[in-house]
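Input: a single structure, listed below in structure tokens.
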Amino acid sequence: MRIDLHTHTRASDGTQTAEELVRAAAEQGIDVLGVTDHDTTDAWAAAARTAEEVGITLVRGMEISTRHRGRGAHLLAYLADPTYPPLVTHLRKILDGRSSRVPAMLERLRAVGVAVDIADVRRAADGTAATGRPHVADALVALGVVPDRSTAFRRYLNPGRPAYVDRYAAPLVEMIRIVGEAGGVTVLAHPWGRHGPDCMPETAITELAGLGLAGLEVDHQDHTPADRERLRAIAQGLGLVVTGSSDHHGLGKHDHELGCNTTAPDQLERLLALAETASQLSGRSTPEVIG
Ligand code: AMP
Ligand code: ZN
Ligand code: FE
Ligand code: FE
């Protein structure tokens, strides 16, 4: 059984439609797929239709852009009621913050002699609710300024680079609570991916576990083998669910092929049992697991 619980579509910054993603997953022998776009559930309906059609199991989720201890942290939220008003409010604020800074990024690019029009970004972001740096990067690729997204981030868009502009992110602790109230479960995405262990030490993870965090995404391409072993031990010590995922973005990220990391069946079972309990306690109408 192959279980991949973290993937993106064009609804955020993947390059495949939900239908293309789910079909590709089925073709590649994935049995259980989590669709987790950044801060939006826009892909859910098409993903659900296609999952029923091709006969794979779909776990509907999202990856919420949060902040913790002054740094960005990505929070995977599974099976939450997407109409829960506090969740809706935060997601709207994140999406607004992400796209409203695009003109400022283009201004900064102009200042270093790179001319990108807002129309170029809009074209790159066609169909997404979450226009942001990846689409500015795509516009730079389309204009031939850089060969690929990663180079665009490295040269222009990462913190400390000329076109970086900060944006709103929701407080991590508050989002763990809100997702729980919405009947869902939370897994910390690539906890040591971007900044290494320093920003999310064991003490911080312990605190989050006490506040309702359900799991850690241990097996992720951004983690070294040594990181994975340490994170696995931390998760086991705290009784957290251990997940593994591709964080697939279609052609938008190299070396994140579907199924390159997977979640063990017993861990998925634990996660779904926790989601069931959260759903019942919340009294909200939460999405079913399809398939
Ligand atoms: P934003 O929300 O606009 O700040 O964009 C952040 C998103 O860009 C992240 O969630 C990633 O999916 C993507 N991203 C960040 N760094 C890179 C990179 N080096 N290459 C490709 N995509 C990246
Ligand atoms: Zn992404
Ligand atoms: Fe992420
Ligand atoms: Fe992701």
Side-chain angles (χ1 to χ4, degrees), residues 4-16 21 33-40 43 59 61-68 71-78 90-106 108-109 121 124-125 128-141 146-161 163-170 172 175 186-195 199-200 216-223 243-258 260-261:
D4 186 344
L5 291 180
H6 177 174
T7 64
H8 297 267
T9 75
R10 289 190 62 86
S12 62
D13 60 349
T15 59
Q16 293 158 301
L21 170 70
L33 182 72
V35 172
T36 53
D37 276 305
H38 297 285
D39 312 300
T40 177
V59 181
M62 61 191 131
E63 185 178 18
I64 304 176
S65 308
T66 75
R67 198 175 297 275
H68 192 56
R71 295 289 186 109
H74 285 179
L75 184 68
L76 292 161
Y78 295 103
H90 275 286
L91 294 178
R92 192 168 300 146
K93 221 167 140 181
I94 297 167
L95 291 173
D96 284 350
R98 173 179 285 127
S99 56
S100 66
R101 80 209 209 270
V102 170
M105 289 196 275
L106 301 188
R108 291 185 185 204
L109 282 172
V121 180
T128 174
T131 307
R133 285 185 292 161
H135 310 98
V136 176
D138 289 348
L140 289 166
V141 175
V146 290
D148 52 36
R149 259 191 202 178
S150 313
T151 311
F153 272 88
R154 232 178 16 252
R155 209 173 283 172
Y156 297 110
L157 300 172
N158 277 334
R161 303 309 300 163
Y164 179 74
V165 179
D166 202 10
R167 66 167 163 77
Y168 173 77
L172 174 61
M175 290 317 293
T186 49
V187 172
L188 201 55
H190 45 73
W192 292 351
R194 201 79 48 86
H195 317 287
C199 298
M200 194 59 77
L216 289 187
E217 187 180 57
V218 170
D219 290 300
H220 184 279
Q221 292 301 82
D222 292 352
H223 291 152
T243 71
S245 318
S246 64
D247 199 359
H248 182 67
H249 281 68
L251 302 174
K253 253 185 196 176
H254 297 298
D255 195 27
H256 286 260
E257 296 317 313
L258 281 168
C260 62
N261 300 294

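Side-chain atoms are counted along with the backbone in the values below, which use heavy atoms only and exclude waters and symmetry mates. Each ligand, and each atom within it, is numbered from 1 in the order the structure gives.
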- Task: Report the residue from Thr131, Asp37, Asp39 that forms a side chain to side chain donor-acceptor pair (under 3.5 Å) with Ser12.
- Result: Asp37
- Which value, rounded to 10°, describes the NE2(His8)-the Fe ion (ligand 4)-OD1(Asp247) angle? 90°
- Item | Atom of His74 closest to the Fe ion (ligand 3), considering N, O or S atoms | ND1
- Contact flag His190/the Fe ion (ligand 3), N/O/S atoms, threshold under 2.8 Å: yes
- Query: Quick check, are the ring centers of His248 and His256 under 6.0 angstrom apart?
  - Reply: no
- Note on the structure: dist Arg10:CZ -> Thr128:OG1 (nearest 0.5 Å) comes out at 8.5 Å
Contacts table for ligand 1: protein N or O within a distance under 3.5 Å of ligand N or O, distances only.
| residue | atom | partner | partner atom | Å |
| --- | --- | --- | --- | --- |
| ligand 1 | 2 (O) | Arg98 | NE | 2.6 |
| ligand 1 | 2 (O) | Arg98 | NH2 | 3.0 |
| ligand 1 | 2 (O) | Arg167 | NE | 3.1 |
| ligand 1 | 2 (O) | Arg167 | NH2 | 2.9 |
| ligand 1 | 3 (O) | Arg101 | NH1 | 3.1 |
| ligand 1 | 3 (O) | Arg101 | NH2 | 3.2 |
| ligand 1 | 3 (O) | Arg133 | N | 2.8 |
| ligand 1 | 4 (O) | Arg101 | NH2 | 2.7 |
| ligand 1 | 4 (O) | Arg133 | NE | 2.8 |
| ligand 1 | 4 (O) | Arg133 | NH2 | 3.0 |
| ligand 1 | 4 (O) | Arg167 | NE | 3.3 |
| ligand 1 | 10 (O) | His38 | NE2 | 3.3 |
| ligand 1 | 12 (O) | Asp13 | OD2 | 2.8 |
| ligand 1 | 12 (O) | His38 | NE2 | 3.1 |
| ligand 1 | 12 (O) | His249 | NE2 | 3.3 |

- Message: Measuring from atom OG of Ser246 to atom CG of Leu5, what distance do you get when rounded to the nearest 0.5 angstrom?
- Response: 9.5 Å
- Item | Nearest heavy atoms of Arg161 and Arg154, plus distance in Å | NE-O, 3.1 Å
- Message: In this structure, is the centre-to-centre distance between the rings of His38 and His74 below 6.0 Å?
- Response: yes
- Message: For Tyr168, run the side chain to side chain donor-acceptor pair (under 3.5 Å) check against His90, Arg67, Arg101 and tell me which one passes.
- Response: His90
- Query: Strictly under 2.8 Å, is any N, O or S atom of His38 next to the Fe ion (ligand 3)?
  - Reply: no
- Task: Taking both backbone and side-chain atoms into account, decide whether Glu63 has an N/O/S atom under 2.8 Å from the Fe ion (ligand 3).
- Result: yes
- Between Val165 and Met105, what is the shortest heavy-atom contact and its length? CG2-CG, 3.7 Å
